[in-house]
Amino acid sequence: MSELVRLERRAALAIVTLDRPERMNALSWATVERLGEIGRELTADRTVRVCVLTGAGEKAFCAGADLKERQGMSRGQVREMLSAYRSELSWLSQSDFVSVAVINGVALGGGLELALTCDLRSMTEGATLGLPETGLGIIPGAGGTQRLARLIGEARALDLVLTQRRVDATEALSLGLVNRVIPAAESVLESSLKWLEPVLAGAPIAQRAALLAVRCAADRPIEQGLDLERELYERCLDSADRDEALRALAEKRKPQFTGK
Ligand code: COA
C-alpha cells in the first residue's frame with residue numbers, strides 16, 4: 001500500500017512527497033491528516049531549515065481534492081475537510097523554516113492552494129496550474145482566494161478563479177505565481193535544491209528573522225512592520241553568526257555559521 005505522504009530528511013532539509021500518483025496525488029482525508037502529522041513533527045524539530053513539498057511521478061504535483069472520495073462524503077464531512085485543510089496544512093506558512101512547493105506536474109484546485117500555502121514555489125516547465133473550482137459549483141476552499149489575491153493581486157486572482165483557465169510556466173512566472181521555472185530536461189527537485197543551497201548555507205538566526213519579517217509585511221501597517229523588522233534585526237545583531245560573518249569577510253574566507 002502506498003504511504004500517502006513520504007518524509008525524507010537530508011540534514012537540515014526535509015523533503016515531503018505526496019505519494020499517490022495513481023490518483024494524481026489528490027488530497028484525500030487520510031493524506032491531509034498525514035500532512036498534518038508530518039507538519040507537527042517537523043515544526044517541533046528545531047534543526048529543520050527548509051521543507052520542500054513535492055509530488056511523486058511526473059504527471060501531477062497534486063490534482064486537488066480527491067474527487068472520488070468526495071463523491072461519497074456528506075456535506076458535514078466536506079465541512080470537516082475544509083477545517084482540516086486549515087488546521088493540518090497551515091504549518092507550511094507558519095513554521096520557523098522555509099517551505100517550498102516544488103511543482104513536478106499539474107497543480108489544480110487544492111493542489112495549487114497547497115503550493116500557495118508555501119513560502120516559495122518552483123515548477124517544471126511542462127506543468128500547468130489552475131483553480132477549476134467555480135466550474136465545479138464551489139470556490140477554492142483551502143485558502144486559495146485569500147493567498148492568490150495577496151500574491152498576485154485582486155484582478156489577476158479573479159481572472160484565474162472565475163475563468164478556471166490553466167496557466168503555463170511562462171505565464172506563472174510572469175504573474176509571480178512561481179519563483180522559478182526549471183527546464184524540462186532537468187530534475188525539478190534537484191535543480192530546486194540547488195537554488196535553495198544559499199538558504200541552507202545561510203546564518204540560521206538571520207534566515208529565520210528574514211522569513212518572519214517578510215511573511216508579515218503584507219498584513220501589517222507599515223509602522224508596525226518597521227517595528228517588527230527592528231525587533232528581528234536585534235536578534236541578528238546579538239548573534240555570534242553576525243560577528244563570524246564580519247570576521248570571515250575581513251579574512252576573505254567563507255563564514256562558518258553555528259546558529260548562535
Ligand atoms: N481526485 C481523485 N482522482 C483523480 C483526481 C482527483 N482530483 N484527478 C485525477 N484522478 C484520477 C483519475 O480519476 C484517474 O483514475 P482512473 O484511471 O482510476 O479513472 C487517474 O487519476 C488519472 O487521471 P486522468 O484524468 O486519466 O489523467 P489525465 O492525465 O488525462 O488528466 C488531470 C489529469 C489531473 C488533468 C485530470 O485528471 C483532472 O482534471 N482531474 C481533476 C482535477 C480537478 O478538477 N481538481 C480540483 C478539485 S476541486
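Here the structure is a predicted model, which is why all the values come from computation and not from measurement. One-based numbering, in listed order, for ligands and for the atoms of each.
The protein does not reach atom 26 (O) of ligand 1 closely, with no heavy atom under 4.0 angstrom from it. Atom 31 (O) of ligand 1 is not flagged as protein-proximal [any protein heavy atom, distance under 4.0 Å]. For atom 20 (C) of ligand 1, a protein non-hydrogen atom is found at a distance below 4.0 Å.
Scanning all protein heavy atoms for the shortest distance to atom 29 (O) of ligand 1 gives Lys59 NZ, 3.2 Å. The closest protein non-hydrogen atom to atom 2 (C) of ligand 1 is Asp66 OD1, 3.3 Å. Taking atom 35 (C) of ligand 1 as the reference point, the nearest protein heavy-atom neighbour is Arg166 NH2, 3.3 Å. For atom 9 (C) of ligand 1, the closest heavy atom belonging to the protein is Met24 CG, 3.4 Å. Closest to atom 39 (O) of ligand 1 among all protein heavy atoms lies Leu108 CD1, 4.1 Å. The single protein non-hydrogen atom nearest to atom 3 (N) of ligand 1 is Arg23 CD, 3.8 Å, given as residue, atom name and distance. When only non-hydrogen protein atoms are considered, atom 17 (O) of ligand 1 lies nearest to Lys68 NZ, 4.8 Å. The protein heavy-atom contact nearest to atom 8 (N) of ligand 1 is Ala63 CB, 3.6 Å.
Hydrophobic clustering, with ILVMFWY side chains joined whenever heavy atoms are under 4.5 angstrom apart, keeps Val50 apart from Ile103.
A salt bridge between Arg9 and Glu41 is absent, with no side-chain N of the basic residue lying under 4.0 Å from a carboxylate O of the acidic one. Between Glu8 and Arg6 no salt bridge is recorded (no basic side-chain N to carboxylate O distance below 4.0 Å).
For the residue pair Asp119/Ser99, the side-chain donor-acceptor check at 3.5 Å is satisfied. Side-chain contact check for Ser90 and Ser93: no donor-acceptor pair (N or O, by modelled atom type) lies under 3.5 Å. No hydrogens or angles considered: nothing links the side chains of Asp19 and Thr17 as a donor-acceptor pair under 3.5 Å.
Note that CG of Leu92 and CG of Leu35 are 7.5 Å apart. Values are rounded to the nearest 0.5 Å.
For Arg147, there are no salt bridge (Lys or Arg N to Asp or Glu O under 4.0 Å) partners two or more places apart in sequence or in a different chain. Partners of Glu197 under the salt bridge (Lys or Arg N to Asp or Glu O under 4.0 Å) rule, at least two apart in sequence or in another chain, are Lys194.
Each of the following atoms of ligand 1 lies closer than 4.0 Å to a heavy atom of Glu22: 20 (C), 21 (O).
Residues Val188 and Ser192 are in side-chain contact: their nearest non-hydrogen atoms beyond the backbone lie under 4.5 Å apart.
Under 4.0 angstrom from ligand 1, there are no non-hydrogen atoms of Glu69.
No N or O atom of Ala26 sits closer than 3.5 Å to an N or O atom of ligand 1. For ligand 1, the polar-atom distance check finds an N/O of Ala65 within less than 3.5 Å of one of the ligand's N/O atoms.
No donor-acceptor pair closer than 3.5 Å links the side chain of Asp66 to the backbone N or O of Leu27.
For the ligand labelled ligand 1, residue Gly110 lies outside the 4.0 Å heavy-atom shell. Distances from ligand 1 to the non-hydrogen atoms of Pro132 include at least one value under 4.0 Å.
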